Amino acid sequence: MKIASWNVNSLKVRLPHLQQWLAEAQPDIVALQETKLTDDKFPVDEIAAMGYRAVYSGQKTYNGVAILAKDEPRDVVTDIPGLDDPQRRILAATVGDIRVIDLYVVNGKALGDEKYDYKLHWLSMVRDFVAAEIARHPRLVVLGDFNICRDDRDVYDAVAWGEDIFCSPPEREALQALLDAGLHDSFRLFNDEAGHFSWWDYRQAAFRRNMGLRIDLILISDALKSAATSSIIDKAPRRWEQPSDHAPVALELTL
DNA sequence: ATGGTCGATCGTCGA
């Protein structure tokens with residue numbers, strides 16, 4: 001069983017990369033972020049031709065999330081209970097006996113910006129939703145683009161970055177609150193090293209210089225932790241022509 | 001040098 005996440009930065013542009021990666025990696029479940037497509041434009045047929053069912057929650061120009069799976073996703077949720085939000089950033093579905101919550105966390109722009117306040121509020125609402133979901137679904141995976149670096153190992157120049165956006169204490173506390181709901185950062189079950197990133201800016205040849213951040217995470221409940229055998233960042237698609245600025249991340253389980 | 005690069009959209013914003 002393989003579960004993956006990828007911020008594709010426009011599914012329209014990146015569909016050929018997604019198709020190539022699905023063919024090579026063969027994940028059972030993959031969560032996508034930044035599809036930037038309204039639901040009527042979602043490439044259902046092309047995805048079906050790859051052997052995947054899809055559920056999606058999109059909007060024009062911005063945001064947009066989707067879950068692809070070889071088995072039919074069911075019990076789909078597209079909104080955080082109690083949060084009236086037009087931005088399409090969350091998608092929950094059950095595949096087999098695994099509950100999947102796909103997140104495209106608010107970027108936040110800068111400390112003090114109104115988008116930063118929205119980010120923290122959005123995360124607090126997500127935490128409450130995750131706490132309710134984990135009570136109902138012991139096998140829970142919460143994955144996506146978190147737009148938070150959990151600790152300094154996840155930043156290419158932590159001294160220079162300091163406590164700026166993605167690394168501020170309130171953001172890190174919000175991520176820790178999610179983990180405290182009963183989740184584990186699957187990558188860190190297998191790798192303690194600094195310098196493993198999932199996103200690199202398009203500018204300044206950042207990828208070639210490995211000037212990146214680890215912001216794409218796969219968080220898993222206790223029941224899945226005991227079955228996890230690997231959790232990796234697949235940098236290969238970042239080297240392809242016209243890539244997403246994010247690499248896919250993938251978890252393997254013996255289930 | 002207050003920039004740089006993408007994507008959506010078509011001047012400018014978001015990341």
Side-chain angles (χ1 to χ4, degrees), chain A residues 5-21 30-43 46-47 56-66 83 85-91 102-123 126 143-150 154-158 160-168 170-172 174-175 197-217 233-249:
Chain A
S5 174
W6 196 4
N7 181 322
V8 292
N9 188 15
S10 170
L11 184 52
K12 181 180 177 182
V13 172
R14 223 67 64 198
L15 182 59
H17 280 200
L18 177 65
Q19 290 170 312
Q20 182 174 345
W21 190 75
V30 57
L32 305 178
Q33 304 87 36
E34 284 206 87
T35 57
K36 301 185 178 180
L37 291 173
T38 51
D39 291 348
D40 59 300
K41 300 256 181 31
F42 198 88
E46 292 88 341
I47 297 294
Y56 34 88
S57 179
Q59 66 183 88
K60 191 175 180 182
T61 307
Y62 306 115
N63 309 316
V65 283
L83 183 68
D85 186 359
Q87 299 196 24
R88 303 292 82 197
R89 296 182 172 278
I90 187 166
L91 184 62
D102 178 13
L103 301 180
Y104 175 46
V105 174
V106 178
N107 177 293
K109 192 178 173 77
L111 272 64
D113 193 283
E114 63 181 18
K115 293 187 175 75
Y116 179 79
D117 296 332
Y118 165 51
K119 181 178 195 173
L120 294 179
H121 179 62
W122 191 88
L123 284 164
V126 166
L143 74 175
D145 176 359
F146 284 73
N147 276 323
I148 300 170
C149 300
R150 191 177 164 211
D154 304 323
V155 186
Y156 69 90
D157 187 344
W161 204 285
E163 297 185 347
D164 208 346
I165 190 73
F166 295 9
C167 297
S168 71
E171 291 170 277
R172 286 178 165 171
L175 176 55
F197 307 130
S198 65
W199 171 88
W200 303 261
D201 199 295
Y202 285 122
R203 294 167 285 192
Q204 298 178 307
F207 181 68
R208 180 178 57 76
R209 301 158 71 190
N210 199 31
M211 296 169 61
L213 306 173
R214 191 177 73 95
I215 54 179
D216 299 272
L217 309 177
I233 301 166
D234 185 358
K235 290 168 71 172
R238 188 63 176 77
R239 300 186 190 96
W240 296 348
E241 191 78 19
Q242 199 178 9
S244 170
D245 44 355
H246 293 254
V249 294

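It should be emphasised that the depicted structure is a prediction, and the values quoted were computed from it without experimental measurement. Each chain gets a letter, A, B and so on, in the order its sequence line appears, and its residues count up from 1.
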| Geometric class of the H17(A)/W6(A) ring pair [parallel <30°, tilted 30-60°, perpendicular >60°] | parallel
| task | Please state how far atom NZ in K109(A) lies from atom P in dC13(B), giving the value in whole angstrom units. | result | 9 Å
| query | Among the nucleotides dA15(B), dA8(B), dT5(B), which one has an atom lying closest to any side-chain atom of T61(A)? | reply | dA8(B)
| field | Value in whole Å for how far the C1' atom of dT5(B) lies from CZ of R209(A) | value | 14 Å
| Atom pair CG (L103(A)) and CZ (F146(A)), whose distance is rounded to the nearest 0.5 Å | 5.0 Å
| said: Whole angstroms only, please: what is the CZ-P distance between R203(A) and dG3(B)? | reply: 11 Å
| message | So if I take every side-chain heavy atom of V13(A) and compare against dG4(B), dG7(B), dA15(B), which nucleotide ends up nearest? | response | dG7(B)
| field | dG3(B) versus dT12(B) - spacing of their P atoms, nearest Å | value | 14 Å
| query | Which heavy atom of L143(A) sits nearest a heavy atom of S5(A), and at what distance? | reply | CD1-CB, 3.7 Å
| How would you label the contact of Y104(A) with the nucleic acid (heavy atoms, under 4.0 Å): base, sugar-phosphate, or nothing? | sugar-phosphate
| task | Round to the nearest Å and state the distance from D113(A) atom CG to dC13(B) atom P. | result | 13 Å
| task | Report the relative orientation of the aromatic rings in Y56(A) and F42(A); use parallel for angles under 30°, tilted for 30 to 60°, perpendicular for over 60°. | result | parallel
| note | Correct closest heavy-atom pair for W122(A) and L83(A) would be CD1-CD2, 3.6 Å
| Between atom NZ in K119(A) and atom P in dA15(B), what is the gap in whole Å? | 10 Å
| task | State which of dA8(B), dG7(B), dA15(B) makes the closest approach to the side chain of K12(A). | result | dA8(B)
| If we take the P atom in both dC10(B) and dA1(B), what is their distance in whole Å? | 35 Å
| query | Of the nucleotides dA8(B), dG14(B), dT5(B), which has the atom closest to the K115(A) side chain? | reply | dG14(B)
| query | So, is Q204(A) near the phosphate of dG3(B), with a side-chain N or O under 4.0 Å from OP1 or OP2? | reply | no
| task | Could you state the atom-to-atom distance from NZ of K60(A) to P of dG14(B) in whole Å? | result | 16 Å
| field | Rounded distance in Å - CD (E34(A)) to P (dG7(B)) | value | 11 Å
| Nearest-angstrom distance from the residue atom CG of N7(A) to P of dC6(B) | 16 Å
